[in-house]
Structures are given as structure tokens and as C-alpha cells.
Peer 1: 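Questions regarding the structure given below will be posed in turn.
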Protein chains: 2
Amino acid sequence: MRLTHEKFRELAVKHGLAVTHQRQVVYEAVIASHGHHSPENIHAAVRRHIPSISLATVYNNLRLFIECGMLREVTPHATTVRVDGNLKPHHHLVCSRCKSVQDIEGEFVDFKRLSRHAPDGFDLTQPLIEVFGLCRRCRAKK
Amino acid sequence: MRLTHEKFRELAVKHGLAVTHQRQVVYEAVIASHGHHSPENIHAAVRRHIPSISLATVYNNLRLFIECGMLREVTPHATTVRVDGNLKPHHHLVCSRCKSVQDIEGEFVDFKRLSRHAPDGFDLTQPLIEVFGLCRRCRAKK
DNA sequence: GGTTGTTTTATAATCATTCTCATCCGATAA
DNA sequence: TTATCGGATGAGAATGATTATAAAACAACC
């Protein structure tokens with residue numbers, strides 16, 4: 001774990017974050033977990049090292065790490081359900097910052113290649129593709 | 001609105017749903033809204049026709065519609081945040097049913113074509129692609 | 001080592017969503 | 001028409017994830 005240790009200090013300094021013990025352990029827990037985990041999961045893992053750590057601290061730090069690009073959010077959608085009555089095949093362009101969704105048409109996915117890379121048994125008969133980026137407005141702001 | 005009226009009755013019968021006034025109005029509100037709206041939004045729209053309708057009824061019926069494929073869910077992710085420490089460029093394969101996420105590599109997107117179809121100003125410099133489908137386990141169940 | 005501003009903690013608050021259950025409604029049988 | 005039955009609805013409570021608050025602890029800089 002020495003490597004992640006160093007890596008964390010480096011990243012934190014680079015992004016102007018104070019290096020605290022909690023942050024270090026939260027970051028290492030995410031890296032060590034090798035998957036797509038919830039704050040609750042990470043909290044459980046971190047508690048094995050710091051039993052007293054608060055769930056709020058985990059949330060706060062995960063959010064910070066995501067904001068400065070040290071981690072990626074796997075669920076960069078709006079926090080409420082959105083519903084779409086358009087059943088014609090089409091894809092979505094989602095803004096990672098403001099969560100706005102626009103429809104996008106056009107053939108830009110090679111489905112043959114895609115299913116060759118997909119794990120066996122994954123059903124791609126009616127795939128929905130979502131492409132995340134920054135919408136014009138949010139791009140201008142930052 | 002006569003057309004959606006008919007269409008709804010047809011769809012409801014096809015999927016074995018009772019045709020109620022509330023359902024009809026909820027469905028029509030989604031279709032008429034032409035976008036990606038939250039249950040709260042839909043509720044507000046429906047209230048203009050049925051002031052006494054409950055938010056729970058809107059939720060119930062939206063869920064039913066989604067389950068039988070009359071509507072599409074735009075946020076088919078897990079309901080909690082998930083975090084990913086892997087910063088190498090890679091994409092995700094998400095199961096629409098159980099929300100599990102797997103990494104997928106490989107060049108299956110034509111980015112040139114994609115950005116040609118994207119609206120002006122949309123920033124695709126570090127795009128994340130999510131492909132929704134059914135994982136092997138969920139496919140077997142259904 | 002002291003000061004200052006940030007971070008952590010515990011807890012309360014908020015927000016979206018689901019649950020509960022009493023009531024209602026519509027279809028069918030009598 | 002009336003009685004019955006099962007599913008649908010409505011009001012509000014319950015749940016679960018996340019965020020806000022404010023006091024105590026800490027890291028960074030001098």
C-alpha cells in the first residue's frame with residue numbers, strides 16, 4: 001500500500017487538499033476495492049482502519065475527490081428518476097455537471113465490435129447508449 | 001390528444017393494465033412533455049387535469065409503465081452513488097435490471113461521427129460511454 | 001509551539017421514493 | 001338494480017440516501 005500512500009499525497013498536494021489521515025484511508029479504500037462501490041461500502045471498508053470515522057466524512061471526501069478528478073463517479077445522473085416517452089431508438093448526451101439530457105441520433109457505435117468486447121451472455125438487443133460530457137453552458141462556466 | 005388517448009388504451013390492454021382515468025392522464029402527460037422529466041414534474045402537469053391526484057399514484061404508474069416498456073427510464077442506475085478509482089479511459093456496461101456495472105474496453109465508438117451529431121458546444125474531450133443492456137443473470141431470469 | 005483556517009464528528013434536516021392501509025371504483029354475478 | 005370482489009387510489013407515515021449545522025479536533029504555516 002506504500003505506493004497508493006505516496007500517490008495520494010502527491011495528488012492531494014496537486015489539488016490543494018490538506019493531507020489528513022481520513023482522506024488517505026478513504027482514497028486507498030477506493031483504489032483497493034477495484035470496482036464500483038457505494039459510499040456505504042467504502043465507509044465499511046474504511047472503518048476497519050479507523051473505527052470512529054463518520055459516514056459524512058466519507059461522503060465529503062468522495063465528493064471532493066470526484067470534483068478534482070481523482071475519482072470518477074459511475075452514476076453521474078440526476079438524483080431523481082427521469083422518464084422518457086420517446087420509444088424510437090435513440091441515445092442520450094448527458095452533461096456530467098448539470099445532469100441535463102439531450103437526445104442524439106446517428107450511427108456512431110459499432111455494435112458488432114461492441115458485442116465482441118462485451119462479456120458472454122450480456123444482452124445487447126436493444127442497447128441504450130449514454131455519452132457523458134459537458135454541455136455548452138457548463139463548459140463556458142468552467 | 002385523441003391519438004395518445006387511443007394509443008394508451010391499446011398499450012394498456014396489450015400489457016394487461018386496467019385503463020383508469022389517472023393512468024391515462026399520467027401517460028399523456030409524459031408523452032406531451034417531450035423531454036426527460038421527473039415524477040414531481042409529471043405530477044405537477046397531471047394536477048392541472050386531476051387536482052386531487054396523489055404523488056404516489058404517479059410514482060406507481062410510472063413504474064408500471066417503465067416495467068412493461070411503455071416508457072423508458074432515463075436514469076437506469078443504482079439509486080446510490082458509485083465511485084470508480086480506475087482513471088484509465090474505459091467504458092461501462094450497465095444492467096438495466098440489477099444495475100450492476102462492468103468495465104468494457106475497446107474501440108467501438110466513432111468519435112468523429114459522434115461529435116458531428118452532438119449539438120454545438122458540447123464538450124466531448126473526455127467522454128464516458130455507458131451502454132445499457134441485460135446482464136447474463138438477469139437475462140436468464142426473464 | 002502558537003495561530004488560523006480547514007476538517008472531522010455527531011446529529012439533525014432534507015429530499016426522493018416506497019409502504020401502509022383505508023377507501024374507492026368498476027366489472028361481474030345474482 | 002344491487003351485492004360482491006379485486007385492483008387502484010389517496011393521505012400520510014416510513015425509509016434510505018445524502019447534505020447541512022455547529023462544536024471540537026487537526027493540519028499547515030509562521
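Below, read A as the first sequence line, B as the second, and so on, with proteins coming before strands; counting in each chain starts at 1. Basis for what follows: all heavy atoms, side chains included, without hydrogens, waters or symmetry-related copies. Everything numeric in this text was worked out from a predicted model, so none of it was measured.
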Peer 1: Using atom CG of A:Leu62 as one end and atom C1' of C:dT7 as the other, report the distance to the nearest whole Å.
Peer 2: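 Atom-to-atom, A:Leu62 to C:dT7, this comes out as 15 Å.
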Peer 1: Between C:dG5 atom C1' and A:Leu17 atom CG, what is the distance in whole Å?
Peer 2: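 Distance, rounded to whole Å: 15 Å.
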Peer 1: Given atom CD1 of B:Ile53 and atom P of C:dC25, what is their separation to the nearest angstrom?
Peer 2: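 It is 14 Å, rounded to the nearest whole Å.
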Peer 1: Supply the atom-to-atom distance A:Thr75 OG1 to B:Glu130 CD, rounded to the nearest 0.5 angstrom.
Peer 2: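 Atom-to-atom, A:Thr75:OG1 and B:Glu130:CD are 8.5 Å apart.
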Peer 1: Does A:Glu107 reach the side chain of B:Arg113, with side-chain heavy atoms less than 4.5 Å apart?
Peer 2: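 They are in contact (side-chain heavy atoms under 4.5 Å apart), so the answer is yes.
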Peer 1: In the structure I gave you, are the side-chain heavy atoms of A:Val26 and A:Ile53 within less than 4.5 Å of one another anywhere?
Peer 2: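 Side-chain contact under 4.5 Å: yes.
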Peer 1: List the protein contact pattern of nucleotides 17-25 of chain D with one symbol per nucleotide (5' to 3'): B for base contact, S for sugar-phosphate-only contact, - for none; contact means a heavy-atom distance under 4.0 Å.
Peer 2: SSBB-----
Peer 1: Think B:Thr20 has a side-chain N or O under 4.0 angstrom from the OP1 or OP2 of D:dA8?
Peer 2: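 Negative; the distance criterion is not met.
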Peer 1: Any idea how A:His91 and A:Phe111 line up, ring-wise: parallel (<30°), tilted (30 to 60°), or perpendicular (>60°)?
Peer 2: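 The rings of A:His91 and A:Phe111 sit tilted, inter-plane angle from 30° to 60°.
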Peer 1: In sequence, state the C-alpha distance, the side-chain angles, and the governing distance for B:Ser38 and B:Asn41, and then conclude on side chain to side chain donor-acceptor pair (under 3.5 Å).
Peer 2: CA-CA 5 Å; B:Ser38 66; B:Asn41 289 158; 3.2 Å; yes
Peer 1: Check the phosphate of D:dC26 against A:Gln22, side-chain N and O only, distance under 4.0 Å to OP1 or OP2. Yes or no?
Peer 2: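 Negative; the distance criterion is not met.
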Peer 1: Could you tell me the separation between the CD atom of A:Gln24 and the P atom of C:dT7, rounded to a whole number of Å?
Peer 2: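 Taking CD of A:Gln24 and P of C:dT7, I get 15 Å after rounding.
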Peer 1: I need the B:His43 NE2 to B:Leu55 CG distance, nearest 0.5 Å.
Peer 2: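 The distance works out to 5.0 Å.
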Peer 1: Name the closest nucleotide to the A:Ala18 side chain, picking from D:dA8, C:dT7, C:dA10.
Peer 2: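 Minimum distance to the A:Ala18 side chain belongs to C:dT7.
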Peer 1: For the pair made of CG in B:Asn41 and P in C:dT17, what is the distance, rounded to whole Å?
Peer 2: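 After rounding, the reported distance stands at 11 Å.
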Peer 1: Please state how far atom CG in B:Asn61 lies from atom C1' in D:dA8, giving the value in whole angstrom units.
Peer 2: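 Interatomic distance, CG of B:Asn61 to C1' of D:dA8: 8 Å.
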Peer 1: Please list all pairs meeting salt bridge (charged side-chain N to carboxylate O under 4.0 Å, His left out) that have one or both residues in residues 43-65 of chain A, counting only residues at least two apart or in different chains.
Peer 2: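 Residue pairs passing salt bridge (charged side-chain N to carboxylate O under 4.0 Å, His left out), neighbours aside: none found.
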Peer 1: Nearest-Å distance, NE2 (B:His43) to P (C:dT18)?
Peer 2: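 Value for this atom pair: 15 Å.
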Peer 1: Taking all heavy atoms of B:Asp103 and all of B:His92, pick out the closest pair and write down the distance.
Peer 2: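 Smallest interatomic distance, heavy atoms only, reads OD1-CD2, 3.3 Å.
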Peer 1: Have a look at the helix from C:dG1-D:dC30 to C:dA30-D:dT1 and give the angle its two end axes make, five pairs each, rounded to 10 degrees.
Peer 2: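 Here the local axes at opposite ends form an angle of 30°.
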Peer 1: Using whole Å, what does the distance between atom P of nucleotide C:dC25 and atom CZ of B:Arg23 come to?
Peer 2: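 Distance check: B:Arg23 CZ to C:dC25 P gives 15 Å.
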Peer 1: If you look at every heavy atom in B:Cys138 and B:Leu134, which pair is closest and at what distance?
Peer 2: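 Heavy atoms only, the tightest pair is CB-CD2, 4.0 Å.
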